[in-house]
Amino acid sequence: MITRRGMLQAGSAAAGTLALTSTKTRASSPPASEAGPGLPGKDYAPVETPPVGSLPWKLSGGAKVFHLVAEEVAHSFAPGLDATCWGYNGSTPGPTIECVEGDRVRIYVTNNLPEATTVHWHGVILENGMDGVSGLTQKGIGPGETFKYEFVLRYAGTFMYHPHFDEMTQMALGLMGMFIVHPRRPTTRVDRDYALMLSEWQLVPGTRKPNPAAMMDFNVLTMNSKAFPGTSPLVARRGDRVRIRLGNLGAMDHHPIHLHGHSFELSGTDGGPVPASARWPETTVLVPVGSTRDIEFIADNPGDWPFHCHMTHHVMNQMGHELPNLIGVDVKGVDARVRKLLPRYMTMGHEGMGGMGAMGMPVPNNSLPMVGAPGPFDYIDMGGMFTILKVRDVVDEHTASSWYSHPEGTVATIAAQDELARDGIVPAAPKQRS
Ligand SMILES: [Cu+2]
């Protein structure tokens with residue numbers, strides 16, 4: 001007679017090296033020895049992590065071997081804003097690690113920082129001793145030491161890697177990266193697959209070292225450690241199925257990331273894929289600290305579409321927050337008096353703060369204007385955690401650096417007098433200010 005216990009024993013014997021089988025709802029993958037290491041082009045289409053790319057690997061004894069080097073890196077957030085950060089293999093974020101479900105990985109980590117570090121594989125289900133938590137699951141990797149992590153990737157998903165030693169300092173300085181495990185048998189194929197790590201920094205204008213003690217007032221908000229206009233545009237051909245994988249390893253802030261011109265579905269988290277039956281349409285996805293969110297959509301609407309954090313202070317660069325509120329204040333008298341001392345003085349902010357970047361106000365050395373960059377019509381009044389999705393009928397090497405050319409009659413313009421008259425619109429004069 002087959003008993004319940006007998007079935008369980010048989011089941012666990014058949015599972016072989018895979019320990020987690022019974023209560024998991026996620027399907028377990030075949031062991032690496034059975035399927036062989038997943039290969040780019042054959043088993044997966046590589047992810048794009050602009051501008052850092054993916055970490056190279058080599059095969060050794062059936063495992064994919066990677067080498068991460070934690071080190072100080074010279075970094076540029078955007079033209080005109082350079083900093084000394086910490087990263088992996090010369091960049092922040094570090095290069096993306098890409099694997100396939102079932103792969104065995106051996107990841108060497110060399111620490112070239114002045115203090116200990118570890119690497120935690122955020123979201124990856126693995127043996128406790130490979131989890132990378134200093135003091136709890138391993139000793140810290142001392143300066144100059146190289147540690148070895150080795151595990152089998154049981155589940156597909158969008159994961160991350162980061163230190164769990166002095167993480168407040170180490171992540172504030174840029175130590176983080178994406179870790180993507182492609183499914184062995186994909187249910188959806190996408191044409192473009194992007195990865196963007198969201199983070200936040202405090203960089204006092206004129207300085208070059210991010211401040212790890214910051215707990216609020218982050219003033220440089222980034223995608224892959226770049227602030228607009230330093231971010232890379234995302235390009236898609238009209239009709240492409242696009243996946244964007246967002247990770248958030250900022251210190252304190254969740255980011256509602258909004259896409260213009262399209263709606264999308266949440267297709268995965270750092271817990272794995274979301275079943276098709278559990279998805280619903282959105283145009284904004286909240287990416288909480290310490291999580292990943294994958295979105296998928298058909299890029300069927302040509303144009304230059306903003307893709308940005310909807311927290312208004314997160315699309316500013318190096319915004320100071322200690323300003324008095326001058327909106328609506330009559331500053332004429334103040335300006336006249338100050339100009340006796342400073343002839344070119346002009347109070348800012350009383351008519352709103354738009355266009356401050358376009359005015360070409362002088363900024364301290366090594367800092368950014370608070371917003372934006374020149375656009376095809378005028379100055380783009382957003383910066384920080386902002387990039388542009390460029391959807392085109394034809395995609396080539398010029399697409400990323402070119403502006404959309406709009407079909408005639410599809411751009412909002414100043415209203416013509418005869419149109420106002422036809423539609424019975426009388427523009428109202430501004431009300432008298434009290
Ligand atoms: Cu944000």
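All values derive from a computational prediction rather than experimental measurement. Sequential numbering from 1 along the given sequence is applied to the chain's residues. In listed order, ligands and their atoms are each counted from 1.
- For T158 and D294, the side-chain atoms include at least one donor-acceptor pair closer than 3.5 Å.
- The only option from D43, D103, V100 that meets the side chain to side chain contact (heavy atoms under 4.5 Å, CB included) definition with P37 turns out to be D103.
- Here the two rings, on H260 and H262, have centers that are 6.0 Å apart or farther.
- Nearest N/O/S atom of H314 relative to the Cu ion (ligand 1): this is ND1.
- For residue H313, no N/O/S atom approaches the Cu ion (ligand 1) to within less than 2.8 Å.
- Among heteroatoms of the N, O or S kind in H255, ND1 lies nearest the Cu ion (ligand 1).
- Below 30°, between 30° and 60°, or above 60°: for Y161 and F179 the angle between ring planes is above 60°, a perpendicular geometry.
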